[in-house]
Amino acid sequence: QASLGSGFGKEFSYSEEILERARKYGSQAGNLHTDLHEVLGHASGQLLPGVNPEALKNYHSPIEEARADLFALYYLMDDKMVELGLLPNLDAAKSDYDGGIRNGLMTQLTRIQPGKTIEQAHMRSRSLVSHWLYEKGKPENVISKEIKDGKTYFVINDHQKLRQLYGKLLVEVQRITSEGDYEAARNLVETYGVQVDQELHKEVLERYSKLKLAPYGGFINPIYTPVIKDGKIVDIKIEYPDDYVKQMLRYGKDYSFL
């Protein structure tokens with residue numbers, strides 16, 4: 001949502017209503033989504049007795065990321081979130097759904113070189129979830145593919161029905177995880193999470209290039225150095241480096257054992 005003011009939102013939002021919803025609620029809903037994903041999503045669920053934690057092998061990471069994200073997405077649009085004061089209303093959850101579908105079906109492709117497939121686990125997870133929902137929602141037109149002024153958009157027509165699909169997929173992904181069902185995991189990831197629509201990819205890259213935005217953002221973190229006097233820490237010296245490359249090389253040197 002950070003790039004909404006840079007022209008990204010206007011370029012990839014189908015309507016002013018969707019864009020305004022993102023501007024109004026995107027940051028708050030996105031933060032809650034992340035909290036639900038990391039704190040509760042990854043912490044939920046159990047393996048059945050005797051199931052090998054490594055049973056899903058190379059598909060473990062995208063399946064686990066999908067499981068945590070589906071947990072967050074399903075509960076994000078629960079009335080309890082409003083009751084607890086975590087969201088002002090369910091329109092806020094809608095803004096997160098809008099952004100998630102747009103990202104999984106389209107805009108994350110800006111991070112992939114032409115002709116390549118999706119390799120990174122989080123990106124496979126987003127693609128898997130969004131493409132599965134798009135396909136399963138077709139009978140009721142839950143998500144529609146729209147062309148406006150020669151540009152492609154994906155529009156959610158019923159957020160509540162989409163929520164039910166999130167829940168349905170969560171049930172299946174949790175089953176796969178709990179039972180260690182490798183073949184089902186492989187089928188889900190390979191069918192929905194890996195391949196790229198080359199024509200759509202080309203269009204997205206062309207539209208994105210005109211915005212002059214970087215597909216990734218990096219952070220320079222402060223360095224904390226203890227000030228010791230008579231064997232005790234009496235202060236913390238804070239320095240702000242200004243060289244990203246040096247920072248990352250230092251991380252590799254000092255923390256490669258992690």
Handout entry: Gap between atom CG of Leu56 and atom CG of Asp181 - 0.5 Å precision
Key = 8.0 Å

Exercise for the section: State whether the side chain of Ser178 and the backbone N or O of Gln46 hold a donor-acceptor pair below 3.5 Å, judged by distance alone. Expected result: yes

Problem - Within-4.5 Å side-chain heavy-atom neighbours: Asp98 and His159 - result: yes

Handout entry: Exam field: side chain Ser127 to backbone Leu105, donor-acceptor pair closer than 3.5 Å
Key = no

Problem - Neighbour count above 12 (heavy atom, 6.0 Å) for Ile236 CD1 - result: yes

Problem - Residue pairs passing the ring pair (Phe, Tyr, Trp, His ring centres under 6.0 Å) test where at least one lies in residues 217-256, sequence neighbours excluded - result: none

Practice task
Check whether any side-chain heavy atom of Gln120 lies under 4.5 Å from a side-chain heavy atom of Arg111, and answer yes or no.
Solution key: no

Problem - Under 3.5 Å donor-acceptor, Gln28 side chain and Ala92 backbone - result: no

Problem - Heavy-atom side-chain contact between Leu188 and Val173 under 4.5 Å - result: yes

Handout entry: Asn52, CG atom: more than 12 neighbouring heavy atoms under 6.0 Å
Key = yes

Practice task
Indicate yes or no: does Glu20 engage Lys24 in a salt bridge with an N to O separation below 4.0 Å.
Solution key: no

Problem - Pairwise side-chain contact, Leu165 with Leu169, heavy-atom cut-off 4.5 Å (strictly under) - result: no

Exercise for the section: Assert yes or no for the condition that the ring centre distance of Tyr134 to Phe154 is strictly below 6.0 Å. Expected result: yes

Handout entry: Backbone N/O of Asn141 and side chain of Ser144: donor-acceptor pair under 3.5 Å
Key = no

Handout entry: Side-chain (Asp158) to main-chain (Val142) donor-acceptor, under 3.5 angstrom
Key = no

Exercise for the section: To the nearest 0.5 Å, tell me how far Asn221 CG sits from Gln247 CD. Expected result: 5.0 Å

Exercise for the section: Answer with yes or no whether the hydrophobic clustering places Val196 together with Tyr153; edges join I, L, V, M, F, W, Y residues whose side-chain heavy atoms lie under 4.5 Å apart. Expected result: no

Problem - Expected output: side-chain Gln108 to main-chain Met123 donor-acceptor under 3.5 Å - result: yes

Exercise for the section: Answer yes if the side chains of His122 and Asp69 hold a donor-acceptor pair under 3.5 Å, and no otherwise. Expected result: no

Problem - Pair Glu146 + Lys151: basic N to acidic O under 4.0 Å - result: no

Problem - Phe8-Tyr14 co-clustered via ILVMFWY side chain contacts under 4.5 Å - result: no

Exercise for the section: Determine, using the 4.5 Å side-chain heavy-atom cutoff (strictly less than), whether Val204 and Leu211 are members of one ILVMFWY cluster. Expected result: yes

Completion exercise
Only residue of Tyr97, Trp132, Tyr74 satisfying ring pair (Phe, Tyr, Trp, His ring centres under 6.0 Å) with Tyr166 is Tyr97

Exercise for the section: Calculate, to the nearest 0.5 Å, the distance between atoms NZ and CD1 belonging to Lys246 and Ile220 respectively. Expected result: 11.0 Å

Exercise for the section: Would you mind reporting whether Asn157 and Glu140 have side-chain heavy atoms less than 4.5 Å apart? Expected result: no

Exercise for the section: Drop me the distance from Glu203's CD to Asp197's CG, to the nearest 0.5 angstrom. Expected result: 9.5 Å

Handout entry: Salt-bridge contact Asp235-Lys229 (side-chain N to carboxylate O under 4.0 Å)
Key = no

Practice task
For the pair Tyr75 (side chain) and Leu70 (backbone), establish whether a donor and an acceptor sit closer than 3.5 Å, ignoring hydrogens and angles.
Solution key: no

Practice task
Answer yes or no: is there a donor N or O on one side and an acceptor on the other, between the side chain of Lys57 and the main chain of Tyr182, under 3.5 Å?
Solution key: no

Problem - Lys/Arg N to Asp/Glu carboxylate O, Glu17 vs Arg21, below 4.0 Å - result: yes

Exercise for the section: Report yes or no: does Arg163 contribute a side-chain atom to a donor-acceptor pair with the main-chain N or O of Leu73 at less than 3.5 Å? Expected result: no

Handout entry: Atom CD of Glu183 with >12 non-hydrogen neighbours under 6.0 angstrom
Key = yes

Practice task
Determine yes or no for a side-chain-to-main-chain donor-acceptor pair under 3.5 angstrom, with Ser44 supplying the side chain and Gly41 the backbone.
Solution key: yes

Practice task
Tell me, yes or no, whether the heavy-atom count around Lys148 atom NZ, taken from other residues, nucleotides or ligands under 6.0 Å, exceeds 12.
Solution key: yes

Problem - Glu179 vs Leu47 side-chain heavy atoms within contact, under 4.5 Å - result: no

Handout entry: Val245 versus Asp243, closest heavy-atom pair with distance
Key = N-OD1, 3.1 Å

Handout entry: Pairwise side-chain contact, Lys116 with His201, heavy-atom cut-off 4.5 Å (strictly under)
Key = no

Fill in the blank from the handout: Sorted by chain and number, sequence neighbours left out, salt bridge (Lys or Arg N to Asp or Glu O under 4.0 Å) with Arg126 holds for none

Problem - Side chain to side chain, Lys10 and Glu16, heavy atoms closer than 4.5 Å - result: no

Practice task
Step through the shown structure and confirm whether more than 12 heavy atoms of other residues, nucleotides or ligands are within 6.0 Å of CD on Glu199.
Solution key: no

Problem - Hphob cluster co-occupancy, Leu128 + Ile156, side-chain heavy atoms under 4.5 angstrom - result: yes

Problem - Ile143-Ile147 co-clustered via ILVMFWY side chain contacts under 4.5 Å - result: no

